Amino acid sequence: VPWRNKALSSNLAVLQSEADCNKENMADKLQDTGTISFLEAAVKISHTSPDIPAEVQMSMKDHILRRTRIQRQTTEPASSTRHISFKRHLPRQMHVSSMDYGMDPPAVTEQPTSIGRIKPELYKQKSVDSEDPKKEAEKTCGKINFTLKYDYENETLTVRILRAFDLPAKDFCGSSDPYVKIYLLPDRKRKFQTRVHRKTLNPTFDESFHFPVPHEELVSRKLHLSVFDFDRFSRHDMIGEVILENLFEDSDLSRETSIWKDIQYATTESVDLGEIMFSLCYLPTAGRLTLTVIKCRNLKAMDITGYSDPYVKVSLLCDGRRLKKKKTTIKKNTLNPTYNEAIIFDIPPENMDQVSLLISVMDYDRVGHNEIIGVCRVGINAEGLGRDHWNEMLAYPRKPIAHWHPLVEVKKSFKEVCGVFLSFESPCSVHD
């Protein structure tokens with residue numbers, strides 16, 4: 001027994017020395033506290049199990065080393081594709097995969113500052129041309145003060161122009177020679193004008209003007225004030241205008257009411273061309289579109305007599321081509337004609353989103369060319385009321401839908417349909 005205990009003691013001493021050597025080598029290679037503690041637990045197993053052969057212990061140690069290497073490789077952070085976009089937002093920050101866990105403090109990179117750097121944006125001046133001249137002019141056209149009063153006994157509307165304030169300078173001397181024109185629309189035959197005030201931007205007029213008009217017509221009348229700058233040797237310059245849509249906006253006109261209004265920028269006097277009422281009805285089963293011209297009101301006078309000879313022409317347009325045109329009868333010497341005439345076009349349902357109607361109110365002239373008073377357009381590609389009227393017709397088939405449409409100048413309308421008559425082919429199949 002003594003010699004066996006002595007042999008066991010010598011074997012334990014050899015194993016102890018080998019374990020110490022392996023422990024130091026592995027600690028130097030891994031430098032990880034968790035791995036060292038794991039190896040110490042393995043060494044303790046060898047202390048308590050002296051009968052384990054040395055070859056088995058070495059194989060166990062090799063297996064432990066390989067396992068720790070795999071664990072260190074799998075714990076390395078890997079970049080995911082869904083994080084790439086997030087990392088792009090942080091280009092100057094330290095990436096997680098490149099961090100150093102050593103004890104040395106990280107080197108602080110000096111961030112550049114804006115002190116002493118020239119900033120060109122501070123030296124940029126606002127260009128006069130870059131701003132909208134119309135919006136700028138609207139801010140500097142000034143204000144006008146006037147009063148309204150209606151005489152119920154004499155059926156007369158009295159417009160009193162009091163003063164204007166902060167008008168823009170139109171002359172080279174930095175001043176203006178302002179005066180005001182007064183209309184009670186839609187009648188443009190009767191107009192009044194104030195006196196011209198020389199070299200002032202804040203004129204005081206204090207002039208009264210009387211418009212005979214029945215009380216029931218006041219609802220449909222509009223007050224139009226045009227402010228001009230007088231020029232002796234050339235055309236007078238328009239400063240701006242004021243249009244009061246509702247005469248009863250501030251009072252019932254039974255007593256004199258003072259009103260201040262901003263003068264809106266304008267280069268020419270806006271002309272009221274009148275309105276037209278027509279109805280639209282579409283029958284999908286028959287493929288038939290019916291436009292009924294009902295009447296017009298307050299048309300612009302085109303003849304020297306103060307009246308017009310109006311008729312209505314309707315053009316069917318499809319993908320840039322005028323396919324058909326039809327017209328009503330002519331009404332002589334009137335600005336408020338009544339027609340009640342139906343114009344019919346046969347259009348398949350599959351082509352309804354490709355067509356539109358151009359309605360033109362014309363003035364007949366026996367000698368010269370017929371003149372256009374105004375136009376309007378309806379269709380899927382029209383704007384405003386023209387598009388809404390068309391969509392309402394499609395939403396309620398077999399039902400006539402009637403609306404009033406304001407007439408616009410032909411130049412403004414043809415800007416929208418300038419390509420209407422330029423193409424030569426059309427995929428639409430419209431029957432007569």
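If you're wondering where the values come from, they're calculated on a predicted model, not measured in any experiment.
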- Message: Using a 3.5 Å distance criterion without hydrogens, assess whether the side chain of Thr292 forms a donor-acceptor pair with backbone atoms of Ser279.
- Response: no
- When you measure from the side chain of Thr156 to the backbone N and O of Asp151, does any donor-acceptor pair fall under 3.5 Å? no
- Message: Can you give me the closest heavy-atom contact between Leu201 and Pro168, atom names plus distance?
- Response: CD2-O, 3.7 Å
- Task: Report, as yes or no, whether the 6.0 Å neighbourhood of atom CZ on Arg195 holds more than 12 heavy atoms from other residues, nucleotides or ligands.
- Result: no
- Item | Closest approach of Pro406 to Leu385 (non-hydrogen atoms, all atoms of both residues) | CD-CD2, 4.4 Å
- Message: Applying side-chain contact (heavy atoms from CB on, under 4.5 Å) to Leu167 and Ile263, what does each step give before you reach the verdict?
- Response: CA-CA 9 Å; Leu167 297 178; Ile263 301 175; 3.6 Å; yes
- Message: For a quick test of reading the model, state the closest non-hydrogen atom pair linking Ile347 to Tyr282 and the distance between them.
- Response: O-OH, 2.7 Å
- Working for side-chain contact (heavy atoms from CB on, under 4.5 Å), residues Cys318 and Leu316: CA-CA 7 Å; Cys318 178; Leu316 176 64; 5.7 Å; no
- Query: What distance do Leu184 atom CG and Arg221 atom CZ have between them, rounded to the nearest 0.5 Å?
  - Reply: 5.0 Å
- Does the side chain of Asn145 reach to within under 4.5 Å of the side chain of Phe165, using non-hydrogen atoms? no
- Give a yes or no on whether the ring-centroid distance for Tyr150 and Tyr152 is below 6.0 angstrom. yes
- Shortest non-hydrogen contact from Glu249 toward Leu244: OE1-CD1, 3.2 Å
- Task: State which residue, out of Glu256, His210, Lys149, fulfils the side chain to side chain contact (heavy atoms under 4.5 Å, CB included) condition with Arg160.
- Result: Glu256
- Message: Nearest 0.5 angstrom please: Asn298 CG to Leu273 CG, how far?
- Response: 11.0 Å
- Query: Looking at side-chain heavy atoms only, is the closest gap between Tyr339 and Pro310 below 4.5 Å?
  - Reply: yes
- Item | Nearest heavy atoms of Ile343 and Thr328, plus distance in Å | CD1-CG2, 4.2 Å
- Message: Less than 4.5 Å apart, side chain to side chain, heavy atoms only: is that true for Phe192 and Glu207?
- Response: no
- Which class fits the ring pair Phe278 and His405: parallel under 30°, tilted 30 to 60°, perpendicular over 60°? parallel
- Could you go step by step and tell me if Arg163 and Asn202 meet the side-chain contact (heavy atoms from CB on, under 4.5 Å) rule? CA-CA 7 Å; Arg163 64 184 67 86; Asn202 302 283; over 6 Å; no
- Message: Counting only heavy atoms from other residues, nucleotides and ligands, does the tally under 6.0 Å from OH of Tyr307 exceed 12?
- Response: no
- Item | Short side-chain to backbone donor-acceptor contact, Asp231 and His236, under 3.5 Å | no
- Does Asp309 offer a backbone N or O that forms a donor-acceptor pair with the side chain of Asp363 under 3.5 Å? yes
- Do Val314 and Phe345 have side chains that get closer than 4.5 Å, going by heavy atoms? yes
- Query: Would a 4.5 Å heavy-atom cut-off, applied to side chains only, mark Met352 and Pro284 as touching?
  - Reply: no
- Task: Please tell me if the side chains of Leu357 and Leu289 come closer than 4.5 Å, counting only heavy atoms from C-beta onward.
- Result: yes
- Item | Tyr311 side chain to Lys327 backbone, donor-acceptor under 3.5 Å | no
- Reported CD1-to-OG distance for the pair Ile243 and Ser226, which is rounded to 0.5 angstrom: 7.5 Å
- Item | More than 12 heavy atoms from other groups under 6.0 Å of CZ on Phe248 | yes
- What distance separates Ile372 CD1 from Leu407 CG, expressed to the nearest 0.5 Å? 11.0 Å
- Side-chain contact test, heavy atoms from C-beta onward, threshold under 4.5 Å: evaluate it for Val242 versus Asp262 and give yes or no. no
- Distance in Å, Leu218 CG paired with Glu155 CD, rounded so as to fall on 0.5 Å steps: 9.0 Å
- Face-on cation placement of Lys181 at Phe228 ring, 6.0 Å and 45° thresholds: yes
- Message: Whether the side chain of Asn391 engages the backbone of Arg387 through a donor-acceptor N/O pair (distance < 3.5 Å, no angle test) should be reported.
- Response: yes
- Item | Shortest non-hydrogen separation from Lys331 to Thr338 and the atoms involved | CE-O, 3.2 Å
- Task: Calculate, to the nearest 0.5 Å, the distance between atoms CE and CZ belonging to Met393 and Arg398 respectively.
- Result: 12.5 Å
- Task: Report the C-alpha distance between His389 and Ile401 in whole Å, list the side-chain angles of each, state the deciding distance to 0.1 Å, and finish with yes or no for side-chain contact (heavy atoms from CB on, under 4.5 Å).
- Result: CA-CA 8 Å; His389 194 175; Ile401 307 296; 3.9 Å; yes
- Query: Do Val159 and Leu148 touch side chain to side chain, with heavy atoms closer than 4.5 Å?
  - Reply: yes
- Keeping the roles fixed (side chain from Lys170, backbone from Asp177), state whether a donor-acceptor pair exists under 3.5 Å. no
- Picking from Val361, Ile276, Leu335, Val312, what satisfies side chain to side chain contact (heavy atoms under 4.5 Å, CB included) with Ile373? Val361
- The residue among Asp206, Leu225, Val227, Ile161 that forms side chain to side chain contact (heavy atoms under 4.5 Å, CB included) with Thr194 is Ile161
- Do Glu371 and Lys300 sit within salt-bridge range, that is, some charged N less than 4.0 Å from a carboxylate O? no
